[in-house]
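The next block holds one structure in the form of structure tokens; read it before the comments.
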Amino acid sequence: MNASAQKAVDKQKAGEVKEVTLVEAVNMALAWEMEHDEHVVVLGEDIATNGGVFRATVGLKERFGFKRVMDTPLAENLIAGTAIGMATQGLRPVAEFQFMGFIYAGMEQIVSHAARMRNRTRGRLHCPLVYRAPFGGGIHAPEHHSESTEALFAHVPGLRVVIPSSPQRAYGLLLAAIRNPDPVVFLEPKRIYRAVTQSVADNGEALPLDTCYTLREGDDVTLISWGASILETLQAADKLAEQGISTEVIDVATISPLDRETLLCSVAKTGRAVIVHEACRNGGVGAEIAASIAEAAFLDLQAPIVRVTGYDTIMPYYRNEQAYLPHVEDIVEAVEQVIAL
Amino acid sequence: MNASAQKAVDKQKAGEVKEVTLVEAVNMALAWEMEHDEHVVVLGEDIATNGGVFRATVGLKERFGFKRVMDTPLAENLIAGTAIGMATQGLRPVAEFQFMGFIYAGMEQIVSHAARMRNRTRGRLHCPLVYRAPFGGGIHAPEHHSESTEALFAHVPGLRVVIPSSPQRAYGLLLAAIRNPDPVVFLEPKRIYRAVTQSVADNGEALPLDTCYTLREGDDVTLISWGASILETLQAADKLAEQGISTEVIDVATISPLDRETLLCSVAKTGRAVIVHEACRNGGVGAEIAASIAEAAFLDLQAPIVRVTGYDTIMPYYRNEQAYLPHVEDIVEAVEQVIAL
Amino acid sequence: MKELHEFHVDSTRYLDDHGKPLGDLPTQARDLHRTLAAYRHMVLIRTFDSKTIALQRTGKCGTYPSVLGHEVIGTAVGQSMAKTDVLVPYYRDQAAHILRGVSLKEMLLYWGGDERGSSWENCREDLPIAVPIATQCCHAVGVASAFRIRGEDRAVVCCVGDGGTSKGDFLESINLAGAWHLPVVFVVINNQWAISTPRSIQCGAETIAQKAIGAGLPGHIVDGNDYFSVTEAIEYALERAHGGKGASVIEAVTYRLGDHTTADDATRYRDAEELKKAWEKDGVKRLQNYLHDSGHWDADQEKQLQADCRETVETAVEEYLAMEPEPPTAMMDYLFETLPAALHDQRDRLADKHRARSGQGGGA
Amino acid sequence: MKELHEFHVDSTRYLDDHGKPLGDLPTQARDLHRTLAAYRHMVLIRTFDSKTIALQRTGKCGTYPSVLGHEVIGTAVGQSMAKTDVLVPYYRDQAAHILRGVSLKEMLLYWGGDERGSSWENCREDLPIAVPIATQCCHAVGVASAFRIRGEDRAVVCCVGDGGTSKGDFLESINLAGAWHLPVVFVVINNQWAISTPRSIQCGAETIAQKAIGAGLPGHIVDGNDYFSVTEAIEYALERAHGGKGASVIEAVTYRLGDHTTADDATRYRDAEELKKAWEKDGVKRLQNYLHDSGHWDADQEKQLQADCRETVETAVEEYLAMEPEPPTAMMDYLFETLPAALHDQRDRLADKHRARSGQGGGA
Ligand SMILES: Cc1ncc(C[n+]2csc(CCOP(=O)(O)OP(=O)(O)O)c2C)c(N)n1
Ligand SMILES: Cc1ncc(C[n+]2csc(CCOP(=O)(O)OP(=O)(O)O)c2C)c(N)n1
Ligand SMILES: [Mg+2]
Ligand SMILES: [Mg+2]
């Protein structure tokens, strides 16, 4: 099909509801936005001809051409910095880091430039870009392919850090991230890239950033999580419901800047909070959430805030990775512990 | 003076008590250790002939020769990685990043290799190295010269992050860091590089890592800080004492791994804690400390833990940097606030 | 069974140390008006430079990197670029910035610790000064990519020091510029020093220009104190870039005649003799000699120029000194397009404190 | 006024695609024993490779990068290095590792998701496999610096892919090797692809070897499927390194005959025809032809070798499969030399959970 025919078909399909996985939702959002905003370009290693090692960008090059869908040389620092240059020119680059474990080479560009261009120039230039990276463990991958270091980015002023945990949120949040006029680090939980499908209307509707998503309402305890751990958190909520414990489950979604209000309202109601994340505990985003709640909801809290997290060590290679990851039982145990107080 | 004469003179002088600033103490520790351990080498930009832009390495090249005191090309990633290669060979490299704001290019090497070499090889190889960097604001420097991003390193398993706040601790902790068989990120608070002098015995005695230092004992509230903010924290303690408020002041010193025990013991006694740091608040090391205390000392706490920190924004250029930094009055106010509860 | 693959870079010089033509001059030299403007600009920049150092010494400006010895290169860059081209500078490009439209006052604000010093009323698309060495090179290829993607006939000039050429950013960027055939001109300002680190320690290669070879780009060396050779090289490279012929690397060889910055003391690490010799090659004096010798400049004109420059600079300094600092809340107001709810409290606190401390009713 | 600075890299080939000498062979070719050992090793490695892929397909091993097409280079590296030299590998150097003393079982453990796969009983100083592309290059110059500092007569061989040559780490490291005159040999395994990214997108230069020029190093290109040219080049470069003559860059040109890893499907992005042509240049077959033609190898020997290799590999696989996983507490036990007090609780929790889950009394 040639480009203009494709375009027509696509317009017809707009709003079509599709049953998709999280990674397909990412692809759908990219395609929608490229179709509707010519400023959107994507770049990264193996994203064009190969469609990305996880197929997140599949079909984009065929549809939008190699000028807007760019395979780069192998250099993450370059990818991070090139996107910045493009963004200062009003493009909306979406740059992929193949795995979060390889984002560190781009750290200087991200911290010292992407996050600062607007502030430094007092708004003259800004960086409407998205850095995408699959993250997290549990897929039997080699070393460096299982990282969850979202906390490193959450601490950097000037960045937004957004993490979807379902196909619908992947679609809506990625659209919002691309349209956002400031840099967004968009981390995709690869363990649940294909875990479930969901109906997503391909209608270009973004979901709000900077807000938590309450996935389940409850009274006894607030469960706070994001990314792939939402899966186990919801499973734990089910189990706890069987025991008669009513949990409120919150997907933080934008881990920085943090929507403390939703978290505090929930804890004001439940009096208890358990935070679940895959990243190691020491200095994880769970620490900021716990510290914020413990400070602001001091009088509401009926039990200490417990964190269920990865260990403070290097993610083991895959034979032992399950021993590192938080499991449903760990969450259940933690809730039982805080409920007992 | 030739090398062996110098050596003799130096031996005589061993143990000599000198009145030195923090940066001189750094220099003294480096010189001591290079004299007594031939495996110690130093490298970085402008550290040899120029003796470092802050003069931390002055005289080392003259004394120990250019083979052990190496000016590198301008590339922080290379500096970080070269030190790793040296360390796997049993050298004890002390690599300087000229300012903490330029360490990010070395992030991949630090996170993915220095912190992991021992674990990855099951102890076959390891990285006994020190990454030194001056950090923090308040010296009227240009952009990127005032960073306090210690939290980024504290979250990385396999690293130690050590911050001295006095000449004595600079001397003792740096010796300990060099002798430690694992990688240490050693951050030097440049705002107090020359703020005070202290008597330091140049006797090669290291101070323990992984432990907090209690600088002042008290009953009403625990003040927790590190680095240059220790200065204001101690000043606040004095002011508060005048008001009849008795504070315990703790210098965390090793911010990762964290000596939670000392902090918890203190809070068990005082029932209140105020954490002071220059870094921005969101996801700072203060969050981990607050979360840990709030969890473990839930029943001891008589007031919420308050954090006195930099704002969640980019460190302003110097005309407004004082508006960003935490001041004595801010600490005093925070203490008054928690005491009132 | 053995085969050789051969490569080269070229080097060019038109004026000797005293401003005497070594042979035929390039076409650009026929434009007397432009040459005179260049000389006037160099003197202005030099005047500005020494004044700013004086301001720093008296606490009225922050750490400042002197442009002494780099005026010719910056002037040639500024003159050669089209208005719609984009400059991606490092921090010693004062001469280029001012020609692009940055005001002396803005320049002072920047080094005076005020972010408004990069908000630039003119040259809105030029990138701000990059302090982290060589990082700007990646932005340059990004800007050039944007031009290519949109099919615009524009080019980028990216400046970087000799020290900067050791850093991955420069090397990765020239590689991309070569692979993607991007309209960028990399100008390496080889002033022989990176703070205290001499050129010999940066790199074992004979020239820096030859780094272009590994990226598949043409490399040129020019005498950075020879206005004509710098101008010719940049114009040639810009023409190629505009003509879709891709990127180039120019190594402009000069000498840093001042300290690295006002925070530095170069006598610690370099020879007085070396510095003295470098002064003999000074490009500003050289161009003056050339103009003088060719009958286009005299002592009166020089005197007048010096006075004009002093006055221009004085006026700018006064404007600069008269600027109130921004309110502290400015530190939050440009972080994002819209301040996220999470930061409202902090901004309020900042405003309150400022009000309390400045004892005013309003302020923030 | 114009001057040219000239540079070159050379390229070498001794055997044609069918193993026929194109002229005189280098001295190394006279060592029949070594050549036969090389051939045997390549076959072993190829046997190991296909077995490991089969293990992965049946869930008994993790993602694995096939060495197909890289056997000649790794074998030449492994054979040429002195025992006291240090290998700084990337992740496709199976052939070199095994010659250095890594066991097949250790190799399997590594790709089987077990950290003990890098604890290596032999070659204790070789660096482990580096997964983050090109990062190992910085370690290589660090190791070489250590040799120089201590005045030891040792050298480093650092391997990196063609993709890796675009990354700052490689470029910064060759620059340091040139500036510091370090005893390193950089071997670029140019297999034409970086996952799906063809060589032409990595870099606009004609060759990768010419990147050496910018670092002031000699650059050599060899046919990476020609055992003799690879061997000669590495030996020559190692001799220079040992002789205090500094570093070199060797570009060994080959083709990745397999998928990038078992997680990849190369048919998505590359031509069947291209692959077929590459097989015609296969270096293992080529060396077999050479040995056959020169009367040193026959079908019986080949049959025997194949059987021997299968047996060796089967034995290693059995040993590997019989290994119990480490206890989960191992994830804390090698983090630091001594476990910091801050982590005692977490280790205890890990041990408890493991005990509970495995239903055993001890375990951790
Ligand atoms: C990434 C980084 N590292 C270190 C510094 C500190 N620093 C500032 S200028 C400089 C030397 C730069 O030399 P060169 O690139 O030759 O430019 P020049 O100052 O000589 O014009 C250094 C090391 C920095 N600004 N950025
Ligand atoms: C820093 C980094 N970025 C991305 C990756 C993912 N990745 C693994 S291999 C590879 C391609 C490497 O190509 P090349 O260097 O040519 O080596 P080859 O695999 O062809 O032998 C990529 C992009 C990685 N491992 N490290
Ligand atoms: Mg320089
Ligand atoms: Mg390759």
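Quick note on labels: first sequence line is chain A, next is B, and so on, each numbered from 1. Model, not experiment: these values are computed from the prediction.
Side-chain contact check for B:Asn320 versus C:Glu115: every heavy-atom pair is 4.5 Å or farther apart. Side-chain contact between B:Thr49 and C:Arg270 is absent, with no heavy-atom pair separated by less than 4.5 Å. Side chains of C:Val131 and B:Phe102 form a contact here, defined as non-hydrogen atoms less than 4.5 Å apart. Using a 4.5 Å heavy-atom threshold, the side chains of C:Met331 and B:Glu321 count as separate. In this structure, B:Arg319 and C:Glu324 have side chains that are not in contact, with every pair of non-hydrogen atoms separated by 4.5 Å or more.
Of the two parts of B:Ile314, the backbone and the side chain both hold a non-hydrogen atom closer than 4.5 Å to a non-hydrogen atom of chain C. Proximity to chain B is limited to the side chain of C:Leu109, based on heavy atoms less than 4.5 angstrom apart. With a 4.5 angstrom heavy-atom cutoff, B:Ala48 does not touch chain C via any of its atoms. Looking at C:Leu335, only its side chain comes within 4.5 Å of chain B, counting heavy atoms on both sides. Using a 4.5 Å cut-off between heavy atoms, B:Pro316 touches chain C through backbone and side chain atoms alike. The contact between B:Asp312 and chain C is made by backbone and side chain atoms together, counting heavy-atom distances below 4.5 Å. Using a 4.5 Å cut-off between heavy atoms, B:Gln98 contacts chain C through its side chain alone, with no backbone atom that close.
Note that the OG1 atom of C:Thr197 and the CG atom of B:Asp46 stand 4.0 Å from one another [nearest 0.5 Å]. Note that CZ of C:Arg116 and OH of B:Tyr317 are 12.5 Å apart. Values are rounded to the nearest 0.5 Å. The NE2 atom of B:His327 sits 7.0 Å away from the NZ atom of C:Lys353 when rounded to the nearest 0.5 Å. Put simply, CD on B:Glu143 and OH on C:Tyr91 are 14.0 Å apart, with the number rounded to the nearest 0.5 Å.
In this structure, the side chain of C:Gln202 engages the main chain of B:Leu74 through a donor-acceptor pair within 3.5 Å.
Taking chain B as the reference chain and counting heavy-atom pairs below 4.5 Å, the highest number among C:Ile201, C:Thr63, C:Asp114 is found for C:Asp114. Here C:Pro132 is the residue among C:Gly168, C:Pro132, C:Gly62 with the most heavy-atom pairs under 4.5 Å with chain B. Interface check for chain C: of the options B:Tyr311, B:Phe99, B:Tyr104, the most heavy-atom pairs under 4.5 Å are formed by B:Tyr311.
Donor-acceptor pairing under 3.5 Å is lacking for the side chains of C:Ser196 and B:Asp71.
Here the closest heavy-atom approach between residue C:Lys167 and residue B:Ala75 is recorded as CA-CB, 4.2 Å.
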